[in-house]
Amino acid sequence: MASIRIDNYLRDQGFFDTMAEDVRRGLTSTPKMLPPKYFYDDEGSELFERITEVPEYYPMREEGKLLDAIAPDVMRWMRPAEIVELGSGSSTKTRALLDAAVREDTLRSYIPFDVSESIILEAGEVLERRYPSLDLHGVVGDFQRHLDKIPEANGRRLVLFLGSTIGNMFAAQRIELLRDIRTLLGPEDYLLLGTDLVKDPSIIEPAYDDSQGVTAAFNKNMLRVINNGLDGDFDPEAFDHEAFFNHEEARIEMHLRPHTRQHVTLKKIDLEVDVSPTETIWTECSHKFTRERVSEMLEAAGLQLQEWHAAPGDMFGLSLSCAKG
Ligand code: SAH
Ligand code: AVI
């Protein structure tokens, strides 16, 4: 049984420099902001896995059921030789696609790509046992910087970007990333994109403020990640988790608000900041879409919607697209 190979592009100075620049810019701007990719150290990846198990977090279940339903048909006509997955996490839902593709006997390799090495290794252990004949090649990198590190395509390629992780970006970043993804697609290749859909906020808001406090712990963990990376002294427990649906922008916003004024020092970048209880640190947006918005977004990036699948009640959407002409 072959074991997973891993290429790690985040061990270099570049990772520190990017974090230093992101954090300096984010904490000296108004409002204060930190990019969501810093949620996912080993602990953050574990906390995300726990979020997917809380009853309020519907996106995981809805997308999972939808993938189970469409995988056999899609794999029957598409017959990919290779599946590349961006922000692959635990690759749990992906198994429906891998199972169906392996049954068609065309799939040779699976390339999970994530900022978190620990989650790729964990996923790898399960995948090695389940798919002994598959070539497993993990890439640890930032999909906004390292897409060019993905190995050359080896036959028809399907790129997956699931979980509505695209919703954690602002509009301009989404188009930029989709344009980069387009360069990974040859004329016969496809992108399968998962997007959470606009629905009643009484369903959305609890998904981001669960009763067990797992999402709150996930949010606060980002301050630990910043402390570890930049030798900082944030006290995560001095902050409250806030999550609300912004109707105008059709997105959940997650923030951290201190109970009392916090003076924070980040030694490695020689930065001191004050955060007062009248302000927040904005850690994440999670945009919700409609079929039309997804189609427009794909068009703007030079991609064309080929198939649209929605979960009952428009709970979640999956789009299959390919590069335009
Ligand atoms: N696709 C999985 C995981 C979603 S969580 C699912 O649907 O359940 C988002 C995943 O994207 C995490 O595993 C996180 O580590 C990864 N991620 C977030 N920002 C990233 C970035 N900039 N580059 C690469 N991976 C990223
Ligand atoms: C990874 N991403 C799509 C999740 C989301 O729903 O926006 C991250 C998350 N944040 C809080 N809960 C889950």
Side-chain angles (χ1 to χ4, degrees), residues 8-10 15 18-19 22 34-54 56-64 66-67 84-97 111-123 138-147 149-150 159-169 173-174 176-177 180-181 192-197 204-210 212-222 225 241-245 251-256 283-289 316 318:
N8 189 328
Y9 296 98
L10 296 179
F15 181 68
T18 307
M19 184 191 245
D22 286 344
L34 290 170
K37 68 180 172 209
Y38 297 120
F39 282 129
Y40 301 96
D41 67 341
D42 296 2
E43 174 74 13
S45 295
E46 281 304 318
L47 284 165
F48 178 75
E49 284 313 298
R50 284 181 53 205
I51 288 176
T52 64
E53 287 158 15
V54 301
E56 295 95 331
Y57 194 72
Y58 64 85
M60 175 76 175
R61 285 191 305 277
E62 294 295 337
E63 189 183 35
L66 198 51
L67 283 167
V84 175
E85 178 166 12
L86 306 179
S88 48
S90 65
S91 304
T92 308
K93 286 170 294 189
T94 316
R95 288 184 226 152
L97 295 163
I111 302 169
F113 182 114
D114 205 285
V115 274
S116 168
E117 181 165 29
S118 64
I119 200 78
I120 295 189
L121 285 169
E122 222 171 275
V139 181
V140 180
D142 178 343
F143 49 55
Q144 290 174 295
R145 293 170 56 221
H146 300 117
L147 282 194
K149 306 295 185 196
I150 292 173
V159 176
L160 307 176
F161 194 21
L162 302 178
S164 206
T165 302
I166 191 140
N168 297 137
M169 297 174 172
Q173 298 173 313
R174 296 199 289 264
E176 203 179 312
L177 179 60
D180 290 345
I181 292 175
L192 180 63
L193 178 69
T195 42
D196 193 10
L197 302 179
I204 304 179
E205 279 181 339
Y208 292 84
D209 195 8
D210 64 279
Q212 297 170 45
V214 184
T215 311
F218 173 74
N219 199 3
K220 291 178 199 176
N221 182 60
M222 188 190 286
V225 175
H241 165 68
E242 289 183 2
F244 59 88
F245 189 65
R251 68 181 176 219
I252 280 281
E253 291 184 14
M254 293 207 322
H255 295 256
L256 290 167
T283 49
E284 189 181 63
C285 53
S286 191
H287 291 88
K288 307 303 169 192
F289 300 86
F316 201 93
L318 282 168

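This is a predicted model, so every value here is computed, not measured. Each ligand, and each atom within it, is numbered from 1 in the order the structure gives. Along the sequence shown, the residues carry numbers beginning at 1.
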For ligand 1, list all ligand N or O to protein N or O distances below 3.5 Å, rounded to 0.1 Å.
unit_1	atom_1	unit_2	atom_2	d
ligand 1	1 (N)	Gly87	O	2.8
ligand 1	7 (O)	Lys93	NZ	2.6
ligand 1	8 (O)	Lys93	NZ	3.4
ligand 1	13 (O)	Asp114	OD1	3.3
ligand 1	13 (O)	Asp114	OD2	2.7
ligand 1	15 (O)	Asp114	OD1	2.5
ligand 1	22 (N)	Asp142	OD1	2.9
ligand 1	23 (N)	Phe143	N	2.8
ligand 1	25 (N)	Val115	N	3.2

Next item on the list: Please list, by chain and number, the protein residues whose heavy atoms come under 4.0 Å of ligand 2.
Entry: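 Those residues closer than 4.0 Å to ligand 2 by some heavy atom are Tyr40, Phe48, Ile51, Tyr57, Gly163, Ser164, Thr165, Asn168, Tyr208, Thr215, Phe218, Met254, Glu284, Ser286.
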
Notebook entry, point to check: With a 3.5 Å cut-off and no angle check, do the side chains of Tyr9 and Asp142 form a donor-acceptor pair?
Noted result: no

Check: Under 3.5 Å, is there a donor-acceptor pair between the Glu43 and Asn221 side chains?
Finding: no

Checklist line | With sequence neighbours excluded, residues passing side-chain contact (heavy atoms from CB on, under 4.5 Å) with Tyr58 | finding: Arg61, Glu62, Asp196, Lys199, Ile203, Ile204, Ala207, Lys288, Met315

Do the two ring centres, one from [X] and one from [Y], sit under 6.0 Å apart?
X      : Y      : value
Phe245 : Tyr208 : no
Phe48  : Phe39  : no
Phe244 : His255 : yes

Check: Quick one: do Glu176 and Arg174 make a salt bridge, cutoff under 4.0 Å?
Finding: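 Salt bridge between Glu176 and Arg174, a charged N being under 4.0 Å from a carboxylate O: no.
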
Check: Roughly how far apart are Arg50 CZ and Thr215 OG1, rounded to 0.5 Å?
Finding: 10.0 Å

Check: Residues two or more places apart in sequence or in another chain: which of them pass side chain to side chain donor-acceptor pair (under 3.5 Å) with Ser91?
Finding: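 Testing Ser91 for side chain to side chain donor-acceptor pair (under 3.5 Å), a comparison that skips the adjacent residues, returns Tyr110.
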
